[in-house]
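Heads up, the thing below is written out as structure tokens.
So that the names make sense, note that chain A is the first sequence line, chain B the second, and so on, each numbered from 1. The structure presented is a predicted model; accordingly, all values stated were derived computationally and were not measured.
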Amino acid sequence: MSRLVRVAWRLAGATAAGRGRAGRALSQAGTGTGGGGGGAEGGGSGSGSGSREAVERLVRAHPVVVFMKGSPAQPLCGFSNAVVQILRLHGVEDYRAHDVLQDPDLRQGIKNYSNWPTIPQVYLNGEFVGGCDILLQMHQNGDLVEELKKLGIRSALLDAEKEKDQDKK
Amino acid sequence: GPLARAIRAKLDAALQPTHLQVLDESPRHGGPPGAETHFAVVVVSGHFSGLSPLQRHRLVHAALRTELAGPLHALAIVARTPQQWESDPHVPPRPPCLGGSKHERHQD
């Protein structure tokens, strides 16, 4: 498992090297807050993009929801990238990712909602699971495979394990 | 630096750790040395016994509530019981920075 994690860090390094400063991708899959300037509706209260109701809708919209800096295609923070890489290792490519750098109201709102001071934040089945450190722990001790299974998601690592066993035969 | 000292004092008081490392990782995130914006802490404490990783991290956050509301921008946490630390005194490698703070429209 730890070998896979080291590979993930190297991938991150390669991505950063090839990235360049310009051309940050502005569209992310199913972000939900991008339409028509959600922040302009007024200070994060009531119908604002940072309200409890708005955040609740976002975390319940999909079994796997991530609040991060940047996008899965182009993470803008090493910790956010770690979350993306770990999900990728497990073959989880279909999830909702929200770029908090695009929306200061959402950024504050998500911190209030989870009572957690930092980004990235990972939600499984609408429930806050933790940040990058916790996801890494779950990945290393096998908990993530189990949690994904509960959501009906089969981790790619299970298939990788099976292939390895077949090679041995 | 002063923030590192404050972090150490608060964690000592709240968690009475048997082992505590407070590392200013700001230089790894594009800041100048001594910027004191990004920290990593390794906290070994009996208080963590029986608590999930999430609960442990929340304890650390609670102890550092003031700092996290202020200059402390990012906090990496390793939280283990003394037994866990004895059997595994190693810390996972830190992910490389991708310049996150530089992409913010305004610094908070």
Can you get from A:Val59 to A:Val84 by hopping between Ile, Leu, Val, Met, Phe, Trp and Tyr side chains that sit under 4.5 Å apart?
yes
In the structure I gave you, are the side-chain heavy atoms of B:Arg58 and A:Asn115 within less than 4.5 Å of one another anywhere?
yes
When you group the ILVMFWY residues by side-chain heavy-atom contacts below 4.5 Å and let the links chain together, are B:Leu11 and B:Val42 in the same group?
no
Point-to-point distance, once rounded to the nearest 0.5 Å, from OG1 of A:Thr118 to CD1 of B:Ile77:
7.0 Å
Steps toward side-chain contact (heavy atoms from CB on, under 4.5 Å) verdict (B:Leu54, A:Ile134):
CA-CA 7 Å; B:Leu54 192 61; A:Ile134 289 179; 3.8 Å; yes
Within this structure, what is the CD1-NE2 distance for the pair A:Ile119 and B:His73, rounded to the nearest 0.5 Å?
9.5 Å
Within the supplied structure, the quantity of interest is the number of heavy atoms (other residues, nucleotides, ligands) at a distance under 6.0 Å from B:Gln55 CD; does it exceed 12?
yes
So do the side chains of B:Val78 and A:Asp133 get within less than 4.5 Å of each other, counting heavy atoms only?
no
Does atom CD of A:Glu127 have more than 12 heavy-atom neighbours, drawn from other residues, nucleotides or ligands, at distances under 6.0 Å?
no
Looking at B:Ala74, B:Ala69, B:Ala76, which makes the most heavy-atom pairs under 4.5 Å with chain A?
B:Ala76
When the 4.5 angstrom heavy-atom criterion is applied to B:Leu68 and chain A, the contacting part is side chain
Could you see if A:Val65 belongs to whatever hydrophobic cluster contains A:Leu87? Use Ile, Leu, Val, Met, Phe, Trp, Tyr and a side-chain cutoff under 4.5 Å.
yes
Where does the angle between the aromatic ring planes of A:Trp116 and B:His57 fall among parallel (under 30°), tilted (30 to 60°) and perpendicular (over 60°)?
parallel
Do B:Leu75 and B:Phe48 sit in the same hydrophobic cluster, where Ile, Leu, Val, Met, Phe, Trp and Tyr count as joined when their side-chain heavy atoms come under 4.5 Å apart?
yes
